[in-house]
Every structure is written in structure tokens, then in C-alpha cells.
Chemist: 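Below is the structure I would like to discuss, written out as C-alpha cells.
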Amino acid sequence: YRKMPEIQHPPKKLEINKIYCMDSLDLLNNLEYKQADLILTDPPYGINASSGLSSGGRRYEDTWDSETPSKEVFDKILDIGIKIIICGGNFFLDKLPFKKSWIVWDKIGNMNSSKVYSDVELLWTNFDRNISTKYTVIQLGRIAEEKERFHPPQKPVKLFENIIRCYTEEGDLVVDPYVGSGTTAIACKKLNRNYICGDINQKYVDITLKRLSKIKPHSPKSEGDLFK
């Protein structure tokens, strides 16, 4: 009796410019090696920020921040992304390789901080250089350039626009397996970048889709005008 070989089913090909309700590792496992020109993501920090009040005074009942992602997830991110930027990278130093190049998000600019909230947030990068970059976008509790908040650690679209504009070109693919309320996808759509994004919570997928439906892409001319 000859045993038939086990059939290996190829992974489902994920379509670009779609939001998937998927576990982060499942989404990453359906992508090819170095498929993403940029992975820009904001994973759970494991500090239970999902319990109680957010920095903006809003109450969230989710348990998304009970633990950090596994090293397997970060290893997969390193495989999939050409350029990689991870928000809150200081929370994952035990799972990421040592790098000297960080992005600093300055949340207060010239404002006086009460020190109740953090003044800056650090973003880990896989860039091989000894230079760090700073972006200033105000977000200090209820004082913020972006008023709508749907997710506790929601990042300003302006911040992600600045990052994506700097590190990608039009038509590049940006991946975010922890899209939350959609900041990465919204910034990509506005800047004519392709994206594949996912979140394990259907509620946030629905919020992202609703927010995306209100966004119109920039024309190539309008993006170029930003530098004139």
C-alpha cells in the first residue's frame, strides 16, 4: 500500500487595499518574504492600557493590551518588511534586534507638559544608520491636533502621513497587522500608497472601513505641492 503524499495548500493571497479581520500572525503568514516596502505598526504594549481610562479621558472595555505579541510575530515582521517601523519599540526590546536609528514622536512641541502624560514616544526601526528622526504632532490628553479617538493608543493620521511620505513612494505597499482604528490605512489612502492591514477585533475593522470611506486620495500634484 502506497500512502499518497499530503496535499500542501498554498496560502490565500491577500488583496491590496483591503482590511482583514485576522490574527496578526495569520495575516503575516499569508504574505511573502520582503513583500512589504514598509511595515508600520503599533502592537499592544502589554501595559493594560485597555483597562480604565485612556489618555483622553475615554473609557475602553477591550482587553487588547493584556500582553505583547510573541517573538514569532516580530520574527515574521522582520521577514516580511523591507523597511520596518514599530511604535512603542522600547516595550519590545527583548524581541527585536538592537538598532541605533529610532524615530521620536514629540507629542508636546513647545507646550508646557504637566508630566501626567508622556512627552514623547519611541518608534523602533530596522534602519542601519546612527541618526534618529523627530516628528512633532501635538497629542497631550484632550489637547490634540486630531480630535476623533476610537482606540486607546490611536496615532494621529498626520504623524503616519509624515512617516509614510518620508519612507515610501507612491504605489509602494505598506502593511500593518495591528491597524486598530485605521490610521495606517487612512494615511496610505491619502498618499496613494497600497496597503494590507488587519485587526483581530471586528469592531475596529468596521471603524476603519467607515473612516476609510470618507477619505479621498491626494492627486500626485497635491502631494508634490507639499514640498514647494
Side-chain angles (χ1 to χ4, degrees), residues 14-22 24 27-28 31 35-43 54-56 77 80-89 103-107 109 121 123-125 127 133-140 143-199 201-228:
L14 300 181
E15 297 180 36
I16 62 171
N17 302 328
K18 298 286 186 181
I19 309 298
Y20 294 90
C21 186
M22 293 180 71
S24 57
L27 185 142
L28 293 166
L31 297 172
Q35 182 176 347
D37 297 289
L38 171 67
I39 292 183
L40 174 58
T41 192
D42 188 15
S54 74
S55 60
I77 286 173
I80 301 301
I82 297 173
K83 297 175 183 175
I84 303 168
I85 300 173
I86 299 177
C87 298
I103 292 174
V104 179
W105 171 26
D106 175 10
K107 299 182 179 182
E121 182 166 328
L123 289 73
W124 181 92
T125 81
F127 308 153
T133 306
K134 183 176 81 169
Y135 295 95
T136 300
V137 179
I138 303 301
Q139 183 166 294
L140 188 65
I143 303 172
E145 296 183 29
E146 189 171 297
K147 302 302 181 184
E148 283 191 309
R149 295 289 295 277
F150 303 96
H151 197 278
Q154 180 176 316
K155 300 299 182 286
V157 173
K158 180 179 177 181
L159 173 66
F160 276 24
E161 280 189 79
N162 290 339
I163 292 172
I164 290 170
R165 186 183 293 113
C166 184
Y167 296 107
T168 65
E169 303 289 339
E170 285 200 11
D172 279 357
L173 176 63
V174 181
V175 168
D176 185 355
Y178 297 97
V179 76
S181 55
T183 300
T184 302
I186 291 167
C188 285
K189 185 174 180 180
K190 292 179 72 174
L191 297 175
N192 298 311
R193 272 61 167 178
N194 295 313
Y195 58 85
I196 294 175
C197 298
D199 198 277
N201 191 322
Q202 184 64 52
K203 177 177 75 172
Y204 291 120
V205 170
D206 293 340
I207 288 172
T208 296
L209 292 172
K210 184 175 181 179
R211 296 181 73 198
L212 276 171
S213 69
K214 301 176 182 178
I215 301 299
K216 292 183 179 180
H218 290 316
S219 68
K221 181 180 179 180
S222 66
E223 184 175 342
D225 288 344
L226 293 171
F227 300 96
K228 294 181 180 180

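Just so you know, these numbers use all the heavy atoms, side chains as well, and skip hydrogens, waters and symmetry mates. Just so you know, these numbers come straight off a predicted model, no measurement behind them.
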Chemist: Look at the side chain of Lys190 and the backbone N and O of Glu161, then say whether any donor-acceptor pair between them is shorter than 3.5 Å.
Modeler: no

Chemist: Which one of Ile186, Asp172, Ile19, Val179 satisfies the side-chain contact (heavy atoms from CB on, under 4.5 Å) criterion with Tyr195?
Modeler: Ile19

Chemist: In sequence, state the C-alpha distance, the side-chain angles, and the governing distance for Arg211 and Val157, and then conclude on side chain to side chain contact (heavy atoms under 4.5 Å, CB included).
Modeler: CA-CA 11 Å; Arg211 296 181 73 198; Val157 173; 4.0 Å; yes

Chemist: Can you see which heavy atom on Asn201 is nearest to which on Lys203, and at what distance?
Modeler: OD1-N, 2.8 Å

Chemist: Check whether any side-chain N or O of Lys155 sits under 3.5 Å from a backbone N or O of Asp42 as a donor-acceptor pair, and report yes or no.
Modeler: no

Chemist: Out of curiosity, Cys87 SG to Leu159 CG, how far, rounded to the nearest 0.5 Å?
Modeler: 7.0 Å

Chemist: Applying the side-chain contact (heavy atoms from CB on, under 4.5 Å) criterion to Thr184, which one of Leu38, Asp176, Val175 satisfies it?
Modeler: Asp176

Chemist: Heavy atoms only: give me the nearest Phe160-Thr183 pair and the separation to one decimal.
Modeler: CD2-CG2, 3.5 Å

Chemist: If you compare all heavy atoms of Ile39 against all heavy atoms of Ala36, which two are closest, and at what distance to 0.1 Å?
Modeler: CG1-CB, 3.9 Å

Chemist: Which pair of non-hydrogen atoms, one from Glu169 and one from Arg193, has the smallest distance, and what is that distance?
Modeler: O-NE, 3.4 Å

Chemist: Return the minimal non-hydrogen interatomic distance between Thr208 and Gly180, and the atom names on each side.
Modeler: OG1-O, 3.0 Å

Chemist: Could you give the distance from CD1 (Ile86) to CD1 (Ile77), rounded to the nearest 0.5 Å?
Modeler: 5.0 Å

Chemist: To the nearest 0.5 Å, what is the distance between CG on Leu40 and CD1 on Ile103?
Modeler: 8.0 Å

Chemist: Report yes or no: does Arg165 contribute a side-chain atom to a donor-acceptor pair with the main-chain N or O of Leu191 at less than 3.5 Å?
Modeler: no

Chemist: Any donor and acceptor pair, going by atom type alone, linking the side chain of Lys158 with main-chain N or O of Val137 inside 3.5 Å?
Modeler: no

Chemist: Is Asp106 reaching over with its side chain to a backbone N or O of Tyr135, donor-acceptor style, under 3.5 angstrom?
Modeler: no

Chemist: Backbone N or O of Leu173 within a donor-acceptor pair of the Asp37 side chain at under 3.5 Å?
Modeler: yes

Chemist: Determine the minimum heavy-atom distance between Leu14 and Leu27, stating which atoms define it.
Modeler: CD1-O, 3.7 Å

Chemist: So, taking the atom named CD1 in Ile196 and the one named CE in Met22, what distance separates them when rounded to the nearest 0.5 Å?
Modeler: 10.0 Å

Chemist: How far does CD of Gln35 sit from CD1 of Ile82, to the nearest 0.5 angstrom?
Modeler: 10.0 Å

Chemist: Does the side chain to side chain contact (heavy atoms under 4.5 Å, CB included) test come out yes or no for Thr133 and Tyr167, once each step is laid out?
Modeler: CA-CA 12 Å; Thr133 306; Tyr167 296 107; 3.7 Å; yes

Chemist: Mind checking the OG1-CD1 spacing from Thr125 to Ile85? Nearest 0.5 Å is all I need.
Modeler: 6.5 Å

